[in-house]
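Right, one structure below, let's go through it.
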Amino acid sequence: MSQQQPTPTNAGHYDFTAIEAKWQNHWQDNRTFSVDNPGTPGFDETKPKRYVLDMFPYPSGAGLHVGHPLGYCATDIYSRYSRMKGFNVLHPMGYDAFGLPAEQYAVETGVHPAVTTEKNIANMRRQLKMFGFSYDWNREMATCTPDYYKHTQWIFLQMYNAWYDEECIWIDPSGRETKGRARHIDELVSELQAGKFGIDDALEIVRDPAAAAHKWSDLSEDQRGKVIDQRRLAFIGEVPVNWCPALGTVLANEEVTNEGRSDRGNHPVFRKPLHQWMLRITSYAERLLADLELVDWPEPIKLMQRNWIGRSTGAEVDFPIASGGPDAPTVGEYDRWRNGRQGAGYPAKPEEFVIRVYTTRPDTLYGATYMVLAPEHPLVAKITTEDQRQVVSEYVQSAQHKSDLDRAADTKEKTGVFTGAYAINPVNEKQIPIWVADYVMMGYGTGAIMAVPGHDTRDFEFAKVFQLPIEAVVLPDVDWLTEQLTQQRFDRDYADRTGRAGIVDAMVDGMVSTANTLNYTALNALTMLDGDPAWTEQVAVPFFTEHCDLLMDSFTGEGTAVNSDDFDGMPTAQFKKEITEALVEAGLGKGAVNYKLRDWVFTRQRYWGEPFPILHGPDGRMRPLDESELPLALPEVEDYKPTVSHDENVLPEPPLGRATQWKDVEIDGVHYSRDLNTMPQWAGSCWYYLRFIDPGNDSRFCSSDAEKYWMPVDTYVGGAEHAVLHLLYARFWHKVLFDFNHVTTAEPFKNLINQGMIQSFAYKDKRGVIISMDLVEEKSGKFFNRETGEEVAQVIAKMSKSLKNVVNPDEIISEYGADAFRCYEMFMGPLEASKPWNSRDVPGVFKLLKRIWRLVVDEDTGNLSPQLSDNPADDASLRVLHKTIKKVSEDIEAFKFNTAVSQLFEFVNTLTPMNERPRSVIEPFVLTIAPLAPHIAEELWQRLGHGQSLAYEPWPEYDERLAADDMVEIAVQILGKVKARITVPADADDKTLEKAALADDKIKKELHGKTIRKVIVVKGRLVNIVAN
RNA sequence: GCCGGAGUGGCGGAAUUGGCAGACGCGCAGGAUUCAAAAUCCUGUUCUGGCAACAGAGUGUGGGUUCGAUUCCCACCUCCGGCACCA
């Protein structure tokens, strides 16, 4: 511990600049906040630990804005508090340093992204230190350095060398029985050799009839390789992506405009199936969903993850093709299949002459009146008739040029074309037309649906546009029916177009005359029958089952089956179960589970990212690098720009292709070329929390002893914008490592807290035009445009350069200091809430710090305040001290910092007017403010005569009895209205309270002439007298 | 459209299980100190009526449950966030 220099303050005023610099240097020189790992001499492993983590920042050129430190302040306060509470605290910081902005800058200026990034990191580090955060700077790291991405590549190789065994039941490292596990790829080979798995996949992949022997040994070496490659957790798959030839890269959905053009440069973007690296996150869908139970996260965030995973249950059903174009399967084939499939069960892959669909509502099978294939569905070309060929291929072409966003934007008007082909509804043998429409997507389910317009909104809309039959097979509950009919929710346009306007008119006019219903009285009169069984039985139900298409909405809820043969009268849930069983028995279908979650497209055609540690051989096979060959360093190139392609069909080489020396490798006389893609920015952030545990480890991503001690992350704080992707991706990687025993917890982040966004004020004139901040002046609570004198409205908006309302933390700190900044951000409001920055409020907390300063220091002399005394503390100051310790402790534990700060105000408001300030009260108070305002606390602690930093000083204890008031004021109500207040001893019992209340003069007067019915006493709160 | 979250003074916000609405801060008003200002300290500050004591209203709107509702229930309105034809 170094000897302290006296602080250079002029006289005794609160010189935050000097104080903060002094203590920041002290912490740095003494490595105050470094923490060792288990096994290091002096490290006490028996102490409890807390791993407190921030979502690390991208080191942008703009540096930190005031939004970043909000979460960082919170974790810092919690970390400092935890150290004083006796925890070993791991509180690290680093940089998510690969990414687009540095690369864009490099494209424009030629400056290497590593140079830009290092410069930005230096600036960010300076800013982070200026806030006085208690990070263990020895653990600082960035994802873009080879000694970091070496391990990112290593984890990728773990996934490359793995497959997912869905059936495997095992005891996982946390001791739970778990179904499904990633296993080494070599084990897949032996499983296949042993014939334990069917090789249907293999047949599909190699598409070789000669392999029909269904035996592993019949496959060629090449075929075996392909089979294995397609089962890896990291594999090359063909998926439709946003391909922008002009920019030479695949774009994320967010980078594509609604017009199907690139956000940057406005170039055309195409949906194109391209070969990309994929990570098989879908294998983990079930566990990612189920293990949300293990974590202590905000329920809305869990829900967002659940929705993103999007699990649904239902059934797969095969619909045979009855007729179609010349390439369509013949009736003979279909008949042979029908006859031959008896007892054969339900095939894993659909036969060529059936359309396999997925539905969540197998109970509506009888209501399927047509089918729809996605435009990309492989059967489309095959079944389309000659007549329809032209129109179908045009439709498919135009669909290809639409982005997903485009398709979504067209939701209002459904489009599609008839293929000319028909399918057979397997439950009732009815022939139904097969359509192609882009409201069905290839990426979900089987890319084909059975359309049940009677009970699905989208099918209903489509059927109305093309006037396809709509049949009711589920009877809604009476309330729904009654509402539709009595509210006259009829689609008159549709009735008009189908020539059935008369029915609606009759219904509305009150005369229902259809085949099944007798003439009835006026609808108005029927409305009065609402609830009468006759209304339902004789009007509503017959109308619904006959004319459900005339209503505005389809009925999508659960109900009772109708028009469904033997199933009639069955409730939906039971119907689902029974028909699924029947389908299985008949070999026509099976129960199935589906997820919205897609496998993760893991390739970017960029420069500034992790290279793939994979070599591509001449035969199309891949050769992964060996662990010992890592890191595969990013090569130098002259130009970072992706190559421009003028042919939309040609994928140009990514920037890494220009590293001519680097990209070609010869091993044992065989020529290999390196993979020229890089990984997305998410990769580095998927596991950084593990690297912080042991950042210097050269041989392993982190030592297993350290991992066992520090994991899981106890508290993870960051913005809600990462609620889905980052948190899901990181959980996925973690589970892969978990399956291979590299980590010991099933989940990485135990507790998650989402900080809100810091907004800012902006000003708009009457036309809604944004006025620059510097043009606005305030006069008596109203705002005016300085130039025109026009009154402008104050609105709350995101901070942005264009609004000129960005607040720079450097300026705030130079004016008020880091402690004031920290306290202000915490005092603004609840951590999770979005709230506007108001610089006008900062002096308030600054004043608080100055007042705390003056409690201890005499401003005139710079000596300790003469009011400090060694006398025993009086009751009043003792009470406020214990209240403050209690409140601040509880609030820090609960991350409710705003109310913790307000308690500091209360303490100061109580102590300031007092003539005497007992040391026994002031010293614990100084410790109490230390997490929130560490610099001033350290300085005061030192001035109070303590030799060393208070960072590890035990957190003050509070006494519940001392914190409690002796006398309390309680309200006396009559009929719930406060009529008087009385002061009573805090521990007074109910009887005493009641007596005291009734003895009060005001109450006596109020009660005059009334009878007391009842008296309710809430101890320590109120007395309510029920009297009239 | 669907799913979340939230609506409290001039402003940011506070309120254990249903128990005194507006803690704390800003702003504003008044006062003390000062030659004066800054800084500091003290007092007041939900609205309406009233000089005042006091009375009435009041937590987005309308209803309900309760001795008692910012809190629970039903319907609706507004804002923010997420998803978006997921069969």
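All of these numbers come straight from a predicted model, not from anything done at the bench. Quick note: numbers below take in every heavy atom, side chains included, and nothing from hydrogens, waters or symmetry partners. Naming: A, B, ... by sequence-line order, numbering from 1 per chain.
- Of the candidates B:rG25, B:rG27, B:rC85, the closest approach to any side-chain atom of A:D841 belongs to B:rG25.
- Across all strands, A:I1016 comes closer than 4.0 Å to base atoms (heavy-atom distances).
- Among the nucleotides B:rG5, B:rC85, B:rC24, the one closest to any side-chain atom of A:P300 is B:rG5.
- Here the P atom of nucleotide B:rU66 and the CG atom of A:L975 are 15 Å apart, to the nearest Å.
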Evaluate A:F907 against A:F925 for ring pair (Phe, Tyr, Trp, His ring centres under 6.0 Å), listing each step before the verdict. CA-CA 9 Å; A:F907 179 91; A:F925 175 70; 3.7 Å; yes
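- Spacing between B:rA37 and B:rU43 at atom C1', rounded to whole Å, works out to 22 Å.
- Positionally, the nearest nucleotide of RNA chain B for A:V1018 lies more toward the 5' end than for the other of A:V1018 and A:V901.
- Nucleotides B:rU48 and B:rA38 place their C1' atoms 39 Å apart, quoted to the nearest Å.
- If you check B:rC85, B:rA87, B:rC24 against the side chain of A:S902, the one that comes closest is B:rC24.
- Residue contacts for A:Q973: at a heavy-atom cut-off of 4.0 Å it reaches a base atom on one of the strands shown.
- With a glycosidic angle further than 90° from 0, B:rG12 counts as anti.
- Counting any heavy atom pair closer than 4.0 Å across all strands shown, A:P843 reaches no nucleic acid atom.
- A:K850 forms no cation-pi arrangement with A:Y14, by the criterion of a distance under 6.0 Å to the ring centre and an angle within 45° of the ring axis.
- Rounded to a whole Å, the CD atom of A:Q903 is 16 Å from the C1' atom of B:rG13.
- With rounding to the nearest 0.5 Å, the separation of CG in A:L725 from CD in A:Q305 is 9.0 Å.
- If you take atom P in B:rC51 and the same atom in B:rU65, they sit 41 Å apart, rounded to whole Å.
- Here A:K896 lies in heavy-atom contact (under 4.0 Å) with sugar-phosphate atoms only.
- Residue A:N1024 is in base contact, counting any heavy-atom pair closer than 4.0 Å across all strands shown.
- A donor-acceptor contact under 3.5 angstrom links the side chains of A:Y395 and A:T415, judged on distance only.
- Across all strands shown, A:Y358 has heavy atoms under 4.0 Å from base atoms, whether or not it also approaches the sugar-phosphate.
- Atom CD1 of A:I982 and atom CD1 of A:I970 lie 4.0 Å apart (nearest 0.5 Å).
- Per the geometry, CZ belonging to A:F846 stands 19 Å off C1' belonging to B:rC24, to the nearest Å.
- To the nearest 0.5 angstrom, A:N307 atom CG is 10.0 Å from A:L289 atom CG.
- Across all strands, A:K596 comes closer than 4.0 Å to base atoms (heavy-atom distances).
- With B:rC85, B:rC67, B:rC83 as the choices, the nucleotide that has an atom nearest any side-chain atom of A:D438 turns out to be B:rC85.
- Between the P atom of B:rC83 and the CG atom of A:L597 lies a distance of 14 Å, rounded to the nearest Å.
- At the heavy-atom level, A:N898 lies under 4.0 Å from the strands shown only through sugar-phosphate atoms.
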Give the intermediate values and the outcome of salt bridge (Lys or Arg N to Asp or Glu O under 4.0 Å) for residues A:R311 and A:E286. CA-CA 8 Å; A:R311 183 184 201 270; A:E286 196 64 56; 3.0 Å; yes
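- The P atoms of B:rG12 and B:rC80 are separated by 15 Å, rounded to the nearest whole Å.
- Set against B:rC24, B:rC83, B:rA87, the side chain of A:Y444 has B:rA87 as its closest nucleotide.
- Of the residues near RNA chain B, A:G447 and A:K887, the one whose nearest nucleotide (by heavy atom distance) lies more toward the 5' end is A:K887.
- Separation of the P atoms belonging to B:rU70 and B:rU16 is 13 Å when rounded to the nearest angstrom.
- The distance from atom CD1 of A:I301 to atom P of B:rC3 is 18 Å, rounded to the nearest whole Å.
- Taking a pair as Watson-Crick or G-U wobble with both distances under 3.5 Å, RNA chain B forms stems of 3 or more consecutive pairs at B:1-7 with B:77-83, B:10-12 with B:24-26, B:27-32 with B:40-45, B:46-49 with B:54-57, B:60-64 with B:72-76.
- Residue A:T457 is out of contact with every strand shown, counting any heavy-atom pair closer than 4.0 Å.
- Straight-line distance between the P atoms of B:rC47 and B:rU40: roughly 26 Å, to the nearest whole Å.
- A donor-acceptor contact closer than 3.5 angstrom is absent between the side chains of A:Y958 and A:T928.
- The two atoms that bring A:L728 and A:W308 nearest to each other are CD2-CD1, 3.5 Å, heavy atoms only.
- Within 4.0 Å (heavy atoms only), A:E832 reaches no atom of the nucleic acid at all.
- Following rounding to the nearest Å, A:E721 (CD) and B:rG81 (C1') show an atom-to-atom distance of 11 Å.
- Of all nucleotides listed (B:rC85, B:rG13, B:rC24), B:rC24 comes nearest to the side chain of A:F905.
- Taking only side-chain atoms of A:K977, from C-beta outward, the nucleotide of B:rA57, B:rC67, B:rA87 with the closest atom is B:rA57.
- Between A:F462 and A:Y370, the ring-plane angle classifies as parallel under the 30° and 60° cut-offs.
- Between A:Y816 atom OH and B:rG25 atom C1' the separation is 14 Å, expressed in whole Å.
- For A:T899, no side-chain nitrogen or oxygen approaches OP1 or OP2 of B:rC24 to under 4.0 Å.
- Look at the P atom in both B:rG56 and B:rG44: the space between them is 24 Å, to the nearest Å.
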Report, as a single string ordered 5' to 3', how protein heavy atoms within less than 4.0 Å touch nucleotides 38-44 of chain B: B base, S sugar-phosphate only, - not at all. -SSSS--
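- A:N898 places no side-chain N or O within 3.5 Å of a backbone atom of A:M828 that could act as its donor or acceptor partner.
- Side chain of A:H455 to backbone of A:V473: a donor-acceptor contact under 3.5 angstrom is found.
- If you take CG on A:L379 and CD1 on A:I355, they are separated by 6.0 Å, rounding to the nearest 0.5 Å.
- We find that CZ of A:F827 is positioned 10 Å from P of B:rA14, with the value rounded to whole Å.
- Rounded to the nearest Å, the gap between the P atom of B:rU71 and that of B:rG64 is 15 Å.
- Distances were taken from every side-chain heavy atom of A:M304 (C-beta onward) to each of B:rG19, B:rG82, B:rC24; the shortest belongs to B:rG82.
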